[in-house]
Structure formats: structure tokens, C-alpha cells
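Right, one structure below, let's go through it.
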Amino acid sequence: MTEKKKKIVKTIKVDVDKCNGCRACEVICSAFHAAPKYSGNNPARSRIRVIREPLKDIYVPVYAGEYAPAECMGRDKYVIDGKEYEECAFCRASCPSRSEFKEPDSGLPLKCDMCEGEEEPLCVKWCLVDALTYEEREEEVEEQEEKEDLETGLESLVNKYGMDKLMDTVARMSVSKKG
Ligand code: SF4
Ligand code: SF4
């Protein structure tokens with residue numbers, strides 16, 4: 001029997017009109033996740049990336065979401081307030097067709113963890129122009145559903161990268177969390 005339990009859903013609202021492309025969010029995210037913590041920063045390791053096209057005044061902060069084993073068959077372009085956004089501009093997936101959201105050394109997918117353990121996501125704290133706003137709400141979910149999601153995600157990573165590489169990365173991440 002599946003039981004209902006409460007879950008906190010964490011959301012970051014992105015206001016692309018306020019973002020000025022300063023990339024402070026990328027810097028703090030990569031520093032927080034460095035091993036040991038804050039030992040360095042490299043935006044390529046950040047779990048938020050800012051898609052920047054200064055000549056068109058386009059700055060889109062995007063959070064790393066789920067790993068996708070295959071790229072999309074078709075892609076969309078958006079025109080919002082007269083600005084045309086590139087294909088993949090709003091997509092959060094770590095997928096084969098883009099370099100974003102991949103750990104540069106291992107190529108393993110990166111995913112935003114909402115700065116687990118911190119009171120508030122650090123990218124939100126460091127965004128001085130309030131382009132990022134943190135919100136929380138409570139939802140009821142089936143407990144079993146969550147476990148299945150986790151197992152499916154892990155299985156696809158093991159299939160793609162192999163168990164050894166995955167275990168190495170988990171070990172490195174746990175050192176970083178303790179540090
Ligand atoms: S810190 Fe804020 S303004 Fe700067 S790039 Fe990130 S979202 Fe944009
Ligand atoms: S919430 Fe934390 S982990 Fe997620 S992108 Fe922002 S700084 Fe990185």
C-alpha cells in the first residue's frame with residue numbers, strides 16, 4: 001500500500017528581465033560545490049548557467065535539472081517581447097547536444113540540489129538585483145513514487161557511465177559535503 005507523506009517543494013523564480021548577466025550565481029554555486037567546499041570556483045562546474053547574448057540584451061539563468069540520455073528530435077525557438085531566444089535556451093537537461101551541466105573532468109551530469117543544508121539557495125542570496133527569488137510550498141506525495149523516480153534515475157546513469165565511475169563521483173561528492 002502506498003502512503004501519503006508531506007513534501008516541501010522548493011522553487012526558484014527566475015526574472016530574465018532583471019538579470020544583468022553578472023554571473024555571480026555561477027561563481028558561488030561552483031565554489032559551494034568545490035571539493036573541499038569553497039576551495040575554488042569554476043563556472044563550468046556550476047549547476048546554474050547564464051545563457052548570455054549581450055548584443056540582444058538576452059540573459060537567461062537556467063538551473064541544471066534532470067539528466068537526459070538522448071537529445072530532442074525537434075527544438076523550439078521563443079520570441080518574447082521581441083527578443084528571439086535560441087533553441088535549448090530554457091531547457092534544464094544535461095543532454096548529449098550541449099556542454100552545459102556536465103562535470104568538466106568526468107563528464108557526469110550536474111544537477112541543482114538547492115544548496116542542500118543551507119537555509120536559502122546561495123545563488124539567490126548572491127543575486128544582488130533579485131532576478132532569482134526562492135519559494136517553498138508543501139505538497140502531499142505518494143511515498144512509493146519517489147523511490148521509483150530515484151531508482152529509474154540511478155539505473156540510467158549506471159547504464160551510461162558504468163558503476164565504477166558513478167561510485168567515484170558519489171564518493172567525491174560526499175567528501176565535498178563533509179568538507
Ligand atoms: S547573479 Fe543574478 S543578475 Fe547575476 S547572472 Fe546570476 S541571475 Fe543574473
Ligand atoms: S540553488 Fe545552489 S545548487 Fe542550485 S544552482 Fe543555486 S547555488 Fe547552485
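Note that ligands are numbered from 1 as they come in the structure, with each ligand's atoms numbered from 1 the same way. Please read all numbers here as calculations on a predicted model, not as lab measurements.
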Cut-off 3.5 Å, no hydrogens considered: what does the side-chain donor-acceptor table look like for residues 117-132, sequence neighbours left out?
none

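A donor-acceptor pair is defined here as one N or O able to donate and one able to accept, closer than 3.5 Å; such a pair exists between the side chain of K102 and the backbone of R98. Looking at K5, its side chain never comes within 3.5 Å of a backbone N or O of E140 through a donor-acceptor pair. With hydrogens and angles disregarded, no donor-acceptor distance shorter than 3.5 Å links the side chain of R45 to the backbone of E103. Between the S30 side chain and the N42 main chain, a donor and an acceptor come within less than 3.5 Å of each other.
In this pair, F90 and Y78 present their aromatic rings perpendicular. The plane angle is above 60°, beyond the 30 to 60° band.
For the atom pair CD of E66 and SG of C95, the computed distance is 13.5 Å after rounding to the nearest 0.5 Å.
Within the structure, side-chain hydrogen bond (donor to acceptor under 3.5 Å, both in side chains) pairs that include any residue of residues 18-27 comprise R23-E26, E26-R49 (at least two apart or interchain).
The two atoms that bring M114 and K10 nearest to each other are CE-O, 3.5 Å, heavy atoms only.
Less than 2.8 Å away from atom 4 (Fe) of ligand 2, the protein contributes these N/O/S atoms: C112 SG. Around atom 8 (Fe) of ligand 1, the protein contributes the following N, O or S atoms under 2.8 Å, ordered by chain and number: C19 SG.
Under a 4.0 angstrom heavy-atom cut-off, H33 registers as being in contact with ligand 2.
Counting heavy atoms from C-beta outward, F101 and P109 have side chains that stay 4.5 Å or more apart.
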